[in-house]
Student: 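The structure's right below; bear with me while I get my questions together.
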Amino acid sequence: MRNLGRRMGDDLARLEDQIYAFNDGVKFNINSGDQLSDLLFNKLQLPTAGLERTKTGRYSLTAGVLENLEAKTDSPAIQLILRYRQLTKLKSTYVDALPELVNPATGRVHTSYSQLGAATGRLSSNDPNLQNIPTRTDEGREIRRGFVANPGCMFVAADYSQVELRVLAHITQDPNLVQAFREDQDIHAATAAQLFSVPIDQVTKNQRRIAKTTVFGVIYGISAFGLAARTDLSRSEAQQLIDALFARFPGLRDYIDSTLEEGRREGYVRSLFGRRRYMPDLRVSGPRRQAAEREAINAPIQSTAADIMKIAMIRVDEALRERKLKTRMLLQVHDELIFEAPEDEVDTIVGLVCEQMEGAYQFKDVPLKVDLEVGPNWEEMRDITTH
DNA sequence: AGTGCAGGCCAC
DNA sequence: AAACGTGGCCTGCACT
(Lines give C-alpha, C1' and ligand atoms only; values in the text may rest on other atoms or scores of the structure.)
Protein backbone atom coordinates (compact mmCIF):
# COMPACT_ATOMS: atom_id res chain seq x y z
CA MET A 1 0.00 0.00 0.00
CA ARG A 2 2.77 2.43 0.98
CA ASN A 3 4.72 1.58 -2.18
CA LEU A 4 1.62 2.02 -4.28
CA GLY A 5 1.09 5.43 -2.69
CA ARG A 6 4.66 6.51 -3.46
CA ARG A 7 4.36 5.34 -7.06
CA MET A 8 1.10 7.19 -7.48
CA GLY A 9 2.59 10.30 -5.89
CA ASP A 10 5.50 10.24 -8.34
CA ASP A 11 3.14 9.76 -11.28
CA LEU A 12 0.99 12.63 -10.05
CA ALA A 13 3.95 14.98 -9.76
CA ARG A 14 4.92 14.27 -13.36
CA LEU A 15 1.33 14.66 -14.51
CA GLU A 16 0.98 18.00 -12.77
CA ASP A 17 4.05 19.34 -14.58
CA GLN A 18 2.73 18.15 -17.94
CA ILE A 19 -0.68 19.72 -17.29
CA TYR A 20 0.76 23.02 -16.05
CA ALA A 21 2.73 23.22 -19.31
CA PHE A 22 -0.60 23.76 -21.06
CA ASN A 23 -1.18 26.70 -18.71
CA ASP A 24 2.08 28.50 -19.63
CA GLY A 25 3.74 26.65 -16.80
CA VAL A 26 1.49 28.35 -14.26
CA LYS A 27 0.33 26.07 -11.44
CA PHE A 28 -3.35 25.79 -10.66
CA ASN A 29 -5.70 23.42 -8.86
CA ILE A 30 -6.58 20.73 -11.38
CA ASN A 31 -9.40 19.35 -9.25
CA SER A 32 -11.09 22.73 -9.08
CA GLY A 33 -13.85 22.81 -11.67
CA ASP A 34 -13.62 26.57 -12.12
CA GLN A 35 -9.87 26.55 -12.64
CA LEU A 36 -10.00 23.55 -14.97
CA SER A 37 -12.77 25.23 -16.94
CA ASP A 38 -10.55 28.29 -17.25
CA LEU A 39 -7.75 26.21 -18.75
CA LEU A 40 -9.92 24.26 -21.19
CA PHE A 41 -12.18 26.99 -22.49
CA ASN A 42 -10.20 30.20 -22.05
CA LYS A 43 -6.54 29.25 -22.33
CA LEU A 44 -6.91 26.31 -24.74
CA GLN A 45 -10.02 27.68 -26.45
CA LEU A 46 -11.78 24.29 -26.63
CA PRO A 47 -15.34 24.53 -28.00
CA THR A 48 -18.17 24.72 -25.49
CA ALA A 49 -20.95 24.08 -28.01
CA GLY A 50 -23.45 21.51 -26.81
CA LEU A 51 -21.86 21.02 -23.40
CA GLU A 52 -24.19 20.18 -20.51
CA ARG A 53 -24.22 22.42 -17.49
CA THR A 54 -24.48 21.47 -13.85
CA LYS A 55 -27.34 22.79 -11.77
CA THR A 56 -25.24 25.75 -10.69
CA GLY A 57 -24.65 26.73 -14.30
CA ARG A 58 -21.04 25.58 -14.67
CA TYR A 59 -20.00 23.35 -17.52
CA SER A 60 -20.14 19.75 -16.42
CA LEU A 61 -16.68 18.20 -16.64
CA THR A 62 -17.21 14.58 -15.70
CA ALA A 63 -15.04 11.87 -17.22
CA GLY A 64 -17.68 11.16 -19.88
CA VAL A 65 -17.77 14.78 -20.99
CA LEU A 66 -14.00 15.03 -21.07
CA GLU A 67 -13.75 11.84 -23.15
CA ASN A 68 -16.15 13.26 -25.71
CA LEU A 69 -14.23 16.51 -25.74
CA GLU A 70 -11.03 14.58 -26.28
CA ALA A 71 -12.53 12.67 -29.20
CA LYS A 72 -13.78 15.91 -30.71
CA THR A 73 -10.72 18.11 -30.28
CA ASP A 74 -7.73 15.78 -29.96
CA SER A 75 -6.51 18.07 -27.21
CA PRO A 76 -3.58 16.24 -25.56
CA ALA A 77 -4.32 17.92 -22.23
CA ILE A 78 -7.50 15.97 -21.66
CA GLN A 79 -6.01 12.50 -21.32
CA LEU A 80 -3.60 13.92 -18.76
CA ILE A 81 -6.46 15.45 -16.79
CA LEU A 82 -8.44 12.21 -16.84
CA ARG A 83 -5.39 10.32 -15.66
CA TYR A 84 -4.80 12.90 -12.95
CA ARG A 85 -8.41 12.57 -11.79
CA GLN A 86 -8.19 8.77 -11.69
CA LEU A 87 -4.96 8.75 -9.71
CA THR A 88 -5.98 11.40 -7.18
CA LYS A 89 -9.24 9.51 -6.63
CA LEU A 90 -7.53 6.19 -5.94
CA LYS A 91 -4.78 7.73 -3.84
CA SER A 92 -6.90 9.99 -1.64
CA THR A 93 -9.89 7.71 -1.17
CA TYR A 94 -8.11 4.40 -0.72
CA VAL A 95 -4.31 4.30 -0.71
CA ASP A 96 -3.85 7.19 1.72
CA ALA A 97 -7.05 6.82 3.73
CA LEU A 98 -7.27 3.09 4.47
CA PRO A 99 -3.96 2.68 6.35
CA GLU A 100 -5.03 5.54 8.65
CA LEU A 101 -8.07 3.51 9.66
CA VAL A 102 -6.20 0.37 10.68
CA ASN A 103 -7.07 -0.53 14.25
CA PRO A 104 -3.74 -0.88 16.10
CA ALA A 105 -5.14 -3.62 18.31
CA THR A 106 -6.12 -5.87 15.42
CA GLY A 107 -3.95 -4.59 12.59
CA ARG A 108 -7.04 -4.48 10.42
CA VAL A 109 -9.63 -2.06 9.16
CA HIS A 110 -13.11 -2.58 10.58
CA THR A 111 -16.07 -1.22 8.66
CA SER A 112 -19.46 -0.43 10.12
CA TYR A 113 -22.55 -1.76 8.42
CA SER A 114 -25.84 0.05 8.52
CA GLN A 115 -28.95 -2.12 8.45
CA LEU A 116 -31.05 0.90 7.60
CA GLY A 117 -28.57 2.59 5.33
CA ALA A 118 -30.44 1.93 2.11
CA ALA A 119 -34.09 2.42 1.29
CA THR A 120 -34.20 -0.97 -0.42
CA GLY A 121 -33.01 -3.13 2.46
CA ARG A 122 -29.46 -3.34 1.29
CA LEU A 123 -26.74 -2.86 3.86
CA SER A 124 -24.49 0.14 3.54
CA SER A 125 -20.90 0.26 4.73
CA ASN A 126 -19.01 3.21 6.13
CA ASP A 127 -15.89 4.35 7.99
CA PRO A 128 -14.43 2.94 5.85
CA ASN A 129 -16.79 1.93 3.10
CA LEU A 130 -15.56 -1.54 2.16
CA GLN A 131 -18.30 -2.03 -0.41
CA ASN A 132 -16.62 0.19 -2.98
CA ILE A 133 -13.02 -1.04 -3.04
CA PRO A 134 -11.88 -0.73 -6.68
CA THR A 135 -12.00 -3.70 -9.01
CA ARG A 136 -12.52 -2.27 -12.48
CA THR A 137 -8.99 -1.28 -13.45
CA ASP A 138 -5.72 -3.12 -12.84
CA GLU A 139 -4.37 -0.14 -10.94
CA GLY A 140 -7.44 0.00 -8.74
CA ARG A 141 -7.29 -3.74 -8.15
CA GLU A 142 -3.80 -3.31 -6.70
CA ILE A 143 -5.47 -1.72 -3.70
CA ARG A 144 -7.09 -5.09 -2.99
CA ARG A 145 -3.66 -6.59 -2.43
CA GLY A 146 -3.63 -4.65 0.82
CA PHE A 147 -6.36 -6.92 2.19
CA VAL A 148 -4.46 -10.05 3.21
CA ALA A 149 -5.66 -13.22 4.90
CA ASN A 150 -4.01 -14.19 8.19
CA PRO A 151 -1.12 -16.67 8.01
CA GLY A 152 -2.51 -20.15 7.49
CA CYS A 153 -5.77 -18.73 6.14
CA MET A 154 -7.31 -17.96 2.77
CA PHE A 155 -10.04 -15.64 1.64
CA VAL A 156 -13.07 -17.32 0.14
CA ALA A 157 -15.39 -15.09 -1.90
CA ALA A 158 -18.85 -16.25 -2.90
CA ASP A 159 -20.98 -14.13 -5.19
CA TYR A 160 -24.47 -14.61 -6.53
CA SER A 161 -24.35 -14.81 -10.31
CA GLN A 162 -26.74 -12.28 -11.91
CA VAL A 163 -28.97 -12.34 -8.85
CA GLU A 164 -31.02 -9.27 -9.76
CA LEU A 165 -31.72 -10.56 -13.24
CA ARG A 166 -32.75 -13.93 -11.81
CA VAL A 167 -35.10 -12.08 -9.47
CA LEU A 168 -36.40 -10.16 -12.47
CA ALA A 169 -36.95 -13.41 -14.36
CA HIS A 170 -38.87 -14.88 -11.45
CA ILE A 171 -40.98 -11.81 -10.70
CA THR A 172 -41.88 -11.22 -14.34
CA GLN A 173 -42.30 -14.92 -15.06
CA ASP A 174 -41.01 -14.06 -18.48
CA PRO A 175 -40.62 -17.38 -20.31
CA ASN A 176 -37.57 -16.27 -22.28
CA LEU A 177 -35.70 -15.04 -19.24
CA VAL A 178 -36.70 -18.03 -17.14
CA GLN A 179 -35.57 -20.49 -19.78
CA ALA A 180 -32.24 -18.73 -20.26
CA PHE A 181 -31.46 -19.12 -16.55
CA ARG A 182 -32.72 -22.68 -16.33
CA GLU A 183 -30.33 -23.58 -19.09
CA ASP A 184 -27.60 -21.51 -17.43
CA GLN A 185 -27.00 -19.58 -20.61
CA ASP A 186 -24.89 -16.45 -20.90
CA ILE A 187 -27.84 -14.22 -20.06
CA HIS A 188 -26.68 -11.17 -21.96
CA ALA A 189 -25.88 -13.21 -25.06
CA ALA A 190 -29.28 -14.89 -24.79
CA THR A 191 -31.00 -11.53 -24.50
CA ALA A 192 -29.02 -10.20 -27.46
CA ALA A 193 -30.03 -13.22 -29.53
CA GLN A 194 -33.67 -12.41 -28.83
CA LEU A 195 -33.28 -8.67 -29.34
CA PHE A 196 -31.41 -8.92 -32.62
CA SER A 197 -33.11 -12.12 -33.84
CA VAL A 198 -29.88 -14.05 -34.36
CA PRO A 199 -28.74 -17.45 -33.05
CA ILE A 200 -27.00 -17.14 -29.70
CA ASP A 201 -23.68 -18.35 -31.10
CA GLN A 202 -23.71 -15.57 -33.68
CA VAL A 203 -24.17 -12.72 -31.22
CA THR A 204 -21.39 -10.15 -31.62
CA LYS A 205 -19.59 -8.55 -28.71
CA ASN A 206 -21.23 -5.25 -29.52
CA GLN A 207 -24.70 -6.79 -29.63
CA ARG A 208 -24.06 -8.43 -26.28
CA ARG A 209 -22.84 -5.17 -24.78
CA ILE A 210 -25.90 -3.27 -26.01
CA ALA A 211 -28.26 -5.99 -24.78
CA LYS A 212 -26.59 -5.92 -21.37
CA THR A 213 -26.95 -2.15 -21.06
CA THR A 214 -30.58 -2.34 -22.18
CA VAL A 215 -31.54 -5.09 -19.76
CA PHE A 216 -29.91 -3.34 -16.86
CA GLY A 217 -31.72 -0.24 -18.02
CA VAL A 218 -35.01 -2.00 -17.36
CA ILE A 219 -34.01 -2.68 -13.77
CA TYR A 220 -33.21 0.99 -13.33
CA GLY A 221 -36.34 2.36 -15.00
CA ILE A 222 -34.98 3.00 -18.44
CA SER A 223 -35.69 5.82 -20.87
CA ALA A 224 -34.58 6.14 -24.48
CA PHE A 225 -32.79 9.32 -23.44
CA GLY A 226 -30.83 7.53 -20.74
CA LEU A 227 -29.99 4.53 -22.88
CA ALA A 228 -28.77 6.70 -25.75
CA ALA A 229 -26.59 8.68 -23.37
CA ARG A 230 -24.89 5.50 -22.15
CA THR A 231 -24.34 3.88 -25.51
CA ASP A 232 -23.38 5.07 -28.95
CA LEU A 233 -26.99 4.71 -30.05
CA SER A 234 -29.14 7.60 -31.22
CA ARG A 235 -32.27 8.47 -29.32
CA SER A 236 -34.51 6.73 -31.86
CA GLU A 237 -32.30 3.65 -32.09
CA ALA A 238 -32.45 3.44 -28.31
CA GLN A 239 -36.24 3.70 -28.42
CA GLN A 240 -36.42 0.93 -31.03
CA LEU A 241 -34.30 -1.28 -28.84
CA ILE A 242 -36.48 -0.67 -25.81
CA ASP A 243 -39.58 -1.43 -27.89
CA ALA A 244 -37.94 -4.65 -29.10
CA LEU A 245 -37.08 -5.61 -25.54
CA PHE A 246 -40.65 -5.23 -24.32
CA ALA A 247 -41.91 -7.09 -27.39
CA ARG A 248 -39.55 -10.04 -26.82
CA PHE A 249 -39.94 -10.12 -23.05
CA PRO A 250 -43.62 -9.35 -22.48
CA GLY A 251 -43.41 -10.07 -18.76
CA LEU A 252 -41.38 -6.89 -18.30
CA ARG A 253 -44.19 -4.55 -19.30
CA ASP A 254 -46.66 -6.36 -17.04
CA TYR A 255 -44.25 -6.11 -14.11
CA ILE A 256 -43.71 -2.38 -14.58
CA ASP A 257 -47.39 -1.63 -15.01
CA SER A 258 -48.57 -3.68 -12.05
CA THR A 259 -45.79 -2.42 -9.78
CA LEU A 260 -46.57 1.22 -10.50
CA GLU A 261 -50.28 0.57 -10.11
CA GLU A 262 -49.83 -1.08 -6.73
CA GLY A 263 -47.44 1.66 -5.65
CA ARG A 264 -49.95 4.38 -6.49
CA ARG A 265 -52.80 2.48 -4.84
CA GLU A 266 -51.08 1.37 -1.64
CA GLY A 267 -48.46 4.07 -1.28
CA TYR A 268 -45.63 1.54 -1.24
CA VAL A 269 -44.03 -1.21 -3.31
CA ARG A 270 -42.89 -4.55 -1.90
CA SER A 271 -40.13 -7.09 -2.27
CA LEU A 272 -41.01 -10.74 -2.77
CA PHE A 273 -40.76 -11.16 1.00
CA GLY A 274 -42.98 -8.18 1.77
CA ARG A 275 -40.34 -5.58 2.55
CA ARG A 276 -41.98 -2.22 1.86
CA ARG A 277 -40.62 0.94 0.36
CA TYR A 278 -43.03 3.83 0.73
CA MET A 279 -43.35 5.86 -2.44
CA PRO A 280 -45.67 8.84 -1.89
CA ASP A 281 -44.24 10.67 -4.88
CA LEU A 282 -45.91 8.20 -7.25
CA ARG A 283 -49.00 10.36 -6.71
CA VAL A 284 -47.48 13.73 -7.59
CA SER A 285 -46.71 14.96 -11.08
CA GLY A 286 -43.63 16.12 -12.95
CA PRO A 287 -39.99 15.05 -12.62
CA ARG A 288 -40.39 14.01 -8.99
CA ARG A 289 -43.00 11.48 -10.02
CA GLN A 290 -40.83 10.20 -12.84
CA ALA A 291 -37.95 9.72 -10.43
CA ALA A 292 -40.31 7.92 -8.04
CA GLU A 293 -41.44 5.63 -10.85
CA ARG A 294 -37.87 4.60 -11.61
CA GLU A 295 -37.27 3.96 -7.91
CA ALA A 296 -40.49 1.95 -7.69
CA ILE A 297 -39.52 -0.24 -10.64
CA ASN A 298 -36.08 -0.91 -9.20
CA ALA A 299 -37.01 -1.33 -5.53
CA PRO A 300 -38.76 -4.74 -5.60
CA ILE A 301 -35.88 -6.23 -7.58
CA GLN A 302 -33.07 -4.78 -5.52
CA SER A 303 -34.97 -5.43 -2.29
CA THR A 304 -35.66 -9.05 -3.11
CA ALA A 305 -31.99 -9.62 -3.87
CA ALA A 306 -31.07 -7.89 -0.59
CA ASP A 307 -33.54 -10.07 1.33
CA ILE A 308 -32.13 -13.23 -0.21
CA MET A 309 -28.63 -12.18 0.78
CA LYS A 310 -29.70 -11.51 4.37
CA ILE A 311 -31.33 -14.93 4.57
CA ALA A 312 -28.17 -16.46 3.17
CA MET A 313 -25.98 -14.69 5.73
CA ILE A 314 -28.08 -16.06 8.58
CA ARG A 315 -27.99 -19.56 7.12
CA VAL A 316 -24.24 -19.49 6.60
CA ASP A 317 -23.68 -18.10 10.10
CA GLU A 318 -25.79 -20.90 11.60
CA ALA A 319 -24.01 -23.54 9.59
CA LEU A 320 -20.60 -22.24 10.66
CA ARG A 321 -21.64 -22.31 14.32
CA GLU A 322 -23.26 -25.73 14.11
CA ARG A 323 -20.09 -27.26 12.74
CA LYS A 324 -17.89 -25.25 15.09
CA LEU A 325 -15.76 -23.99 12.23
CA LYS A 326 -13.14 -21.29 12.67
CA THR A 327 -13.99 -19.60 9.38
CA ARG A 328 -15.17 -16.00 9.80
CA MET A 329 -17.62 -14.06 7.66
CA LEU A 330 -15.76 -10.80 7.01
CA LEU A 331 -17.59 -8.72 4.44
CA GLN A 332 -20.81 -8.39 2.50
CA VAL A 333 -20.81 -6.50 -0.80
CA HIS A 334 -24.49 -6.71 -1.80
CA ASP A 335 -24.33 -9.91 -3.85
CA GLU A 336 -21.07 -11.24 -2.44
CA LEU A 337 -19.75 -12.61 0.85
CA ILE A 338 -16.07 -12.73 1.76
CA PHE A 339 -14.81 -15.21 4.34
CA GLU A 340 -11.50 -15.91 6.00
CA ALA A 341 -10.95 -19.65 6.32
CA PRO A 342 -8.12 -21.69 7.84
CA GLU A 343 -6.54 -23.60 4.96
CA ASP A 344 -7.81 -26.94 6.24
CA GLU A 345 -11.36 -25.59 6.24
CA VAL A 346 -11.36 -24.18 2.72
CA ASP A 347 -12.74 -27.30 1.02
CA THR A 348 -15.50 -27.60 3.59
CA ILE A 349 -16.36 -23.92 3.45
CA VAL A 350 -16.63 -23.78 -0.30
CA GLY A 351 -19.30 -26.46 -0.29
CA LEU A 352 -21.07 -25.16 2.80
CA VAL A 353 -21.27 -21.56 1.62
CA CYS A 354 -22.40 -22.56 -1.85
CA GLU A 355 -25.15 -24.79 -0.44
CA GLN A 356 -26.41 -22.22 2.06
CA MET A 357 -26.39 -19.35 -0.43
CA GLU A 358 -27.93 -21.21 -3.34
CA GLY A 359 -30.50 -22.71 -1.00
CA ALA A 360 -31.32 -19.44 0.74
CA TYR A 361 -34.49 -19.25 -1.28
CA GLN A 362 -35.88 -21.67 -3.83
CA PHE A 363 -37.72 -19.98 -6.63
CA LYS A 364 -40.08 -22.39 -8.28
CA ASP A 365 -38.64 -21.65 -11.68
CA VAL A 366 -35.24 -19.95 -11.61
CA PRO A 367 -32.21 -21.39 -9.81
CA LEU A 368 -29.83 -19.27 -7.77
CA LYS A 369 -26.19 -19.70 -8.72
CA VAL A 370 -23.10 -18.89 -6.68
CA ASP A 371 -19.58 -18.44 -8.04
CA LEU A 372 -16.68 -19.07 -5.67
CA GLU A 373 -13.13 -17.80 -5.54
CA VAL A 374 -10.22 -18.54 -3.19
CA GLY A 375 -7.01 -16.60 -2.65
CA PRO A 376 -4.37 -15.37 -0.21
CA ASN A 377 -5.41 -11.74 -0.66
CA TRP A 378 -8.37 -9.85 -2.11
CA GLU A 379 -6.63 -9.26 -5.43
CA GLU A 380 -5.34 -12.75 -6.22
CA MET A 381 -8.58 -14.68 -6.15
CA ARG A 382 -8.94 -17.70 -8.42
CA ASP A 383 -12.15 -19.44 -9.45
CA ILE A 384 -13.19 -22.67 -7.79
CA THR A 385 -15.46 -25.06 -9.62
CA THR A 386 -17.97 -26.73 -7.40
CA HIS A 387 -20.59 -28.59 -9.38
C1' DA B 1 -11.77 25.03 12.88
C1' DG B 2 -16.18 23.11 11.84
C1' DT B 3 -20.26 22.60 8.60
C1' DG B 4 -22.65 21.76 4.44
C1' DC B 5 -23.18 21.77 -0.44
C1' DA B 6 -21.51 20.82 -5.24
C1' DG B 7 -19.27 18.06 -8.36
C1' DG B 8 -17.25 14.07 -9.19
C1' DC B 9 -16.42 8.95 -8.94
C1' DC B 10 -15.68 4.31 -6.48
C1' DA B 11 -18.70 -0.13 -5.84
C1' DC B 12 -22.98 -3.34 -6.78
C1' DA C 1 -23.72 14.61 -19.83
C1' DA C 2 -27.49 11.39 -16.87
C1' DA C 3 -34.59 11.77 -17.57
C1' DC C 4 -30.80 4.59 -15.01
C1' DG C 5 -31.42 2.28 -9.42
C1' DT C 6 -28.70 1.82 -4.32
C1' DG C 7 -24.95 3.66 -1.49
C1' DG C 8 -20.22 6.56 0.76
C1' DC C 9 -16.07 9.54 0.42
C1' DC C 10 -13.02 12.68 -1.70
C1' DT C 11 -11.66 17.79 -2.76
C1' DG C 12 -12.98 22.52 -3.40
C1' DC C 13 -15.39 26.17 -1.75
C1' DA C 14 -18.42 29.33 0.81
C1' DC C 15 -19.89 30.16 5.07
C1' DT C 16 -20.12 30.63 10.25
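Here is how names work: the chains are called A, B, and so on, in the same order as the sequence lines, proteins then strands, and each is numbered from 1.
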Student: Heavy-atom contacts under 4.0 Å between residues 292-302 of chain A and DNA chain C, which residues?
Tutor: Arg294(A), Glu295(A), Asn298(A), Gln302(A)
Student: Could you tell me whether Thr135(A) contacts a base, only the sugar-phosphate backbone, or nothing, with contacts defined as non-hydrogen atoms closer than 4.0 Å?
Tutor: sugar-phosphate
Student: Just to be sure I understand the rule, does Ala291(A) reach a base, reach only the sugar-phosphate, or reach nothing, if contact means heavy atoms closer than 4.0 Å?
Tutor: nothing
Student: Any side-chain N or O of Arg277(A) under 4.0 Å from OP1/OP2 of dT6(C)?
Tutor: yes
Student: Quick one: do Lys43(A) and Asp38(A) make a salt bridge, cutoff under 4.0 Å?
Tutor: no
Student: Among residues 64-87 of chain A, which residues get a heavy atom nearer than 4.0 Å to DNA chain C?
Tutor: Val65(A), Asn68(A)
Student: Using OP1 and OP2 only, check whether a side-chain N or O of Thr54(A) sits under 4.0 Å from dA6(B).
Tutor: no
Student: May I ask you to say what Leu51(A) touches in the nucleic acid, namely base, sugar-phosphate or nothing, with a heavy-atom cut-off under 4.0 Å?
Tutor: nothing
Student: Check every atom of dG7(B), dA11(B), dA2(C) against the side chain of Ala229(A) and return the nucleotide holding the closest atom.
Tutor: dA2(C)
Student: So, does the side chain of Arg122(A) form a donor-acceptor pair with the base of dC12(B) at under 3.5 Å?
Tutor: yes
Student: Base, sugar-phosphate, or nothing for Leu123(A), non-hydrogen atoms under 4.0 angstrom?
Tutor: nothing
Student: Taking five pairs at each end of the helix from dA1(B)-dT16(C) to dC12(B)-dG5(C), what angle separates the two helix axes (nearest 10°)?
Tutor: 10°
Student: For Tyr268(A), check ring pair (Phe, Tyr, Trp, His ring centres under 6.0 Å) against everything at least two apart and list the hits.
Tutor: Tyr278(A)
Student: Output one letter per nucleotide in nucleotides 9-15 of chain C: B when a protein non-hydrogen atom lies under 4.0 Å from the base, S when only the sugar-phosphate is that close, - when neither is.
Tutor: SSSSS--
Student: Which listed nucleotide (dG8(B), dA11(B), dG5(C)) is nearest to the side chain of Ser60(A)?
Tutor: dG8(B)
Student: Under a 4.0 Å N-O cut-off, is there an ion pair linking Lys369(A) with Asp184(A)?
Tutor: yes
Student: Could you walk me through whether Arg83(A) and Asp11(A) pass salt bridge (Lys or Arg N to Asp or Glu O under 4.0 Å), step by step?
Tutor: CA-CA 10 Å; Arg83(A) 175 78 181 138; Asp11(A) 281 1; 3.7 Å; yes
Student: Among residues 240-266 of chain A, which contact DNA chain C at a heavy-atom distance under 4.0 Å?
Tutor: none
